[in-house]
Structures are given as C-alpha cells and as structure tokens.
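Here is the structure we will look at, set down as structure tokens.
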Amino acid sequence: MSQPLTDDDRLTHDVVFRPVRAGNAFEETVERLLCAVKLGFIGHGETLPPERELATQLGISRVTLREAIRALQQAGYVEPRRGRYGGTFVTYSPSEPSEGDVRRIAASMGDELADALAFRRVIEPGAAALTAERALTADERQFLQARLDDVRSADHTTYRLMDSRFHLALAEMSGSPSLYASVAETRLRLNDLLNAIPLIERNIEHSHEQHNDILMAILRGDARTARAVMEDHVAGTAALLRGFLG
C-alpha cells in the first residue's frame, strides 16, 4: 500500500503529479504515471494515490485519469483491484538487462538518445552543484545518506531503481522544482535504456565510489567537486552505453 508522505517525499510528489496541460491531458497523465512507476517513486506492489486525490493533483477529470490508468493496465504497469483493500497496484518490475535490449531500445530512440545524453551531461552535474551550495538540514543530509545506502545494499534486481532514486534525491535537495522536473523527465527518457545495460561488477564498484564522492562533496558544501565528479559519472555511463552499441 502507499505510505504516508514524508516532508522529503512531498517535493517529489508535487513535481511528479503536477497539473497537466489541457491540450494533451491524456498523454501527459500517462507520462506522469509512468514517471512515478518507472522511476520508483511508487514501487512494485504499492498503490497509486486515491483516484479523487490524484485527479485533483493533476488537474484532470476522473474520466481522463481512468483512461490513463486503463492504458497502463493494458501495458502491464498497474492492476486495479476492488474491495476493502483495493486500489491501483503497481505491477511493473524492470526486466533482466541484456545487450540485445540495449541495441533495440537505442535504435527505437533514434536522435533522441544523443539529445537526452547531452542534456543529462549538463543538468545532473548542475543539480549536484546546486545541492552542494544549499545549507542542508540534518534531516536532508540523512535523507541523502539513506538513498546512497539503498544503492549500496541493492541486489541486481533493484540496483537500477535505487540508482535512479539516488540521482533524483540529489536533484530534489537542490530546492528547485523545475530542476528536479528536468532531471526526472530526462531519467524517464533514458530509463528503459539504462535498465537494459548489463550490470558489470567493476562498473558497479566504480559507481559506488563516485556516488560516495558526490555525496561527500555535497555534504561539505563543495559545489565544484560535486559537479566535476557527477560529470565524470554521467560520462562513464554514456561511454559504457557506447561500448555496448559498438
């Protein structure tokens, strides 16, 4: 079931479920729900917020929301259940990574792939630097450390999800909803591709080192180092991707 929102979750909730534009209400609602599910804000086995609450948050009719949920149900992401303990349950779990999937997804993205990687190279280092410049509270520091610990303790089935949550947490603590939204949308564009990259132990170890260096730089207020290490980190992911694509 969905858990009550903490203060740290509130920005994520408000950004992911921000009002959609009237002209493309159905399409944008599907995008918002996919963002919540595929980036792990609502995990496997948890439920979407109640229909009335979610429709109000998104600024749409309940009819539009139901249509979007039906589309996600047909695609295998959610499953509505009736009864006292009913709701719309998340059924999505990332598939096992494979080199073949990397090639297939990259081909389907076309020119969008290069654009998304270029944008990520700018936006995520900027988010890390901005977070380092903030005077973080003790709770915010603890929140970031918890997200890092989640990545370190993740197994091969949850690693990419926890990695995504860590990166989103860094952007969330920047204090800029617009920046967070940009990072989240970029992660969503690349999500299937990142999930398809086979997990290589040496690469995971290196990522752990870089994640730790980024967080330590943020916690001591070193924006320059936080930016530089994040730049190296996202460049490494892009290089690994290029290797699988040949």
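Residue indices begin at 1 and follow the sequence shown.
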**Prompt:** Do the side chains of Thr157 and Ser93 get nearer than 4.5 Å, heavy atoms only?
**Reply:** no
**Message:** If the condition is salt bridge (Lys or Arg N to Asp or Glu O under 4.0 Å), which residues does Arg141 pass it with, not counting sequence neighbours?
**Reply:** none
**Any residue meeting side chain to side chain donor-acceptor pair (under 3.5 Å) with Asp149, in chain and number order, not counting sequence neighbours** = Gln145
**Asked** Is atom CZ of Arg189 surrounded by more than 12 heavy atoms (other residues, nucleotides or ligands) closer than 6.0 Å?
**Response** yes
**Asked** Where the side chain of Thr131 meets the backbone of Leu170, is there a donor-acceptor pair that is under 3.5 Å apart?
**Response** yes
**Request:** Specify the closest pair of heavy atoms between Ala169 and Phe143, including all atoms of both residues, with the distance to one decimal.
**Result:** CB-CE2, 3.7 Å
**Message:** To the closest 0.5 Å, what do you measure between CZ (Phe166) and NE2 (His211)?
**Reply:** 5.5 Å
**Prompt:** Got a sec: does the CZ of Arg202 have more than 12 other heavy atoms crowding it under 6.0 Å?
**Reply:** yes
**Message:** Could you tell me if the side chain of Leu113 sits less than 4.5 Å from the side chain of Leu190, heavy atoms only?
**Reply:** yes
**Item:** hydrophobic_cluster_shared for Val122 and Ile214, side chain cutoff 4.5 Å
**Value:** no
**Request:** Answer yes if the side chains of Thr137 and Asp139 hold a donor-acceptor pair under 3.5 Å, and no otherwise.
**Result:** no
**Message:** I need the His156 NE2 to Thr158 OG1 distance, nearest 0.5 Å.
**Reply:** 9.0 Å
**Message:** Holding to side chain to side chain donor-acceptor pair (under 3.5 Å), I want the full list of residues that pass it with Arg120, two or more places apart in sequence or in another chain.
**Reply:** Glu124
**Heavy-atom donor-acceptor pair, Thr91 side chain to Gly76 backbone, under 3.5 Å** = yes
**Asked** Looking at CE of Met216 and OG1 of Thr225, how far apart are the two atoms once the value is rounded to the nearest 0.5 Å?
**Response** 13.0 Å
**Message:** On a heavy-atom basis, which atom in Ile218 and which in Ala128 lie closest, and how many Å separate them?
**Reply:** CG1-O, 3.7 Å
**Prompt:** About how many Å separate CG of Leu72 and CG of Leu33, when rounded to the nearest 0.5 Å?
**Reply:** 5.5 Å
**Fill in**
When every non-hydrogen atom of Ser176 is compared with those of Leu130, the smallest separation belongs to CB-CD2, 4.4 Å
**Message:** For Arg160, is there any backbone N or O sitting under 3.5 Å from a side-chain donor or acceptor partner on Ser164?
**Reply:** no
**Message:** With heavy-atom distances below 4.5 Å as the criterion, would you say the side chains of Arg103 and Leu245 are in contact?
**Reply:** yes
**Fill in**
Only residue of Glu209, His206, His167 satisfying side-chain hydrogen bond (donor to acceptor under 3.5 Å, both in side chains) with His233 is His167
**Between CG on residue Leu193 and CG on residue Leu241, distance to nearest 0.5 Å** = 4.5 Å
**Prompt:** Just wondering, do Arg147 and Leu215 contact through their side chains at under 4.5 Å, heavy atoms?
**Reply:** no
**Message:** A side-chain contact here means heavy atoms from C-beta on lying under 4.5 Å apart; do Leu39 and Phe41 qualify?
**Reply:** no
**Asked** Which atom pair, heavy atoms only, marks the closest approach of Pro49 to Ile42?
**Response** CD-CD1, 3.9 Å
**Lys/Arg-Asp/Glu bridge criterion (N-O < 4.0 Å) met for Glu67, Arg70** = no
**Asked** Would the number of heavy atoms belonging to other residues, nucleotides or ligands and lying under 6.0 Å from CZ of Arg220 be above 12?
**Response** yes
**Request:** Answer yes or no: is there a side-chain heavy-atom contact under 4.5 Å between Val78 and Phe89?
**Result:** no
**Message:** With a 3.5 Å distance limit and no angle check, can you tell me whether Glu46 reaches the backbone of Gly43 through a side-chain donor-acceptor pair?
**Reply:** yes
**Asked** Should we say atom CG of Asp111 is surrounded by more than 12 heavy atoms from elsewhere, each under 6.0 Å from it?
**Response** no
**Item:** From CD1 (Ile197) to OG1 (Thr237), nearest 0.5 Å
**Value:** 6.5 Å
**Prompt:** Is any side-chain heavy atom of Leu188 closer than 4.5 Å to a side-chain heavy atom of Glu31?
**Reply:** yes
**Request:** Start with the C-alpha distance between Leu240 and Ile200, add both sets of side-chain angles, then the distance that settles side-chain contact (heavy atoms from CB on, under 4.5 Å), and finish with yes or no.
**Result:** CA-CA 10 Å; Leu240 187 64; Ile200 301 171; 4.0 Å; yes
**Min side-chain heavy-atom separation Asp163-Leu194 under 4.5 Å** = no
**Request:** May I ask you to decide whether Arg32 forms a salt bridge with Glu28, counting only side-chain N to carboxylate O separations under 4.0 Å?
**Result:** yes
**Prompt:** Does Ala55 offer a backbone N or O that forms a donor-acceptor pair with the side chain of Arg62 under 3.5 Å?
**Reply:** no
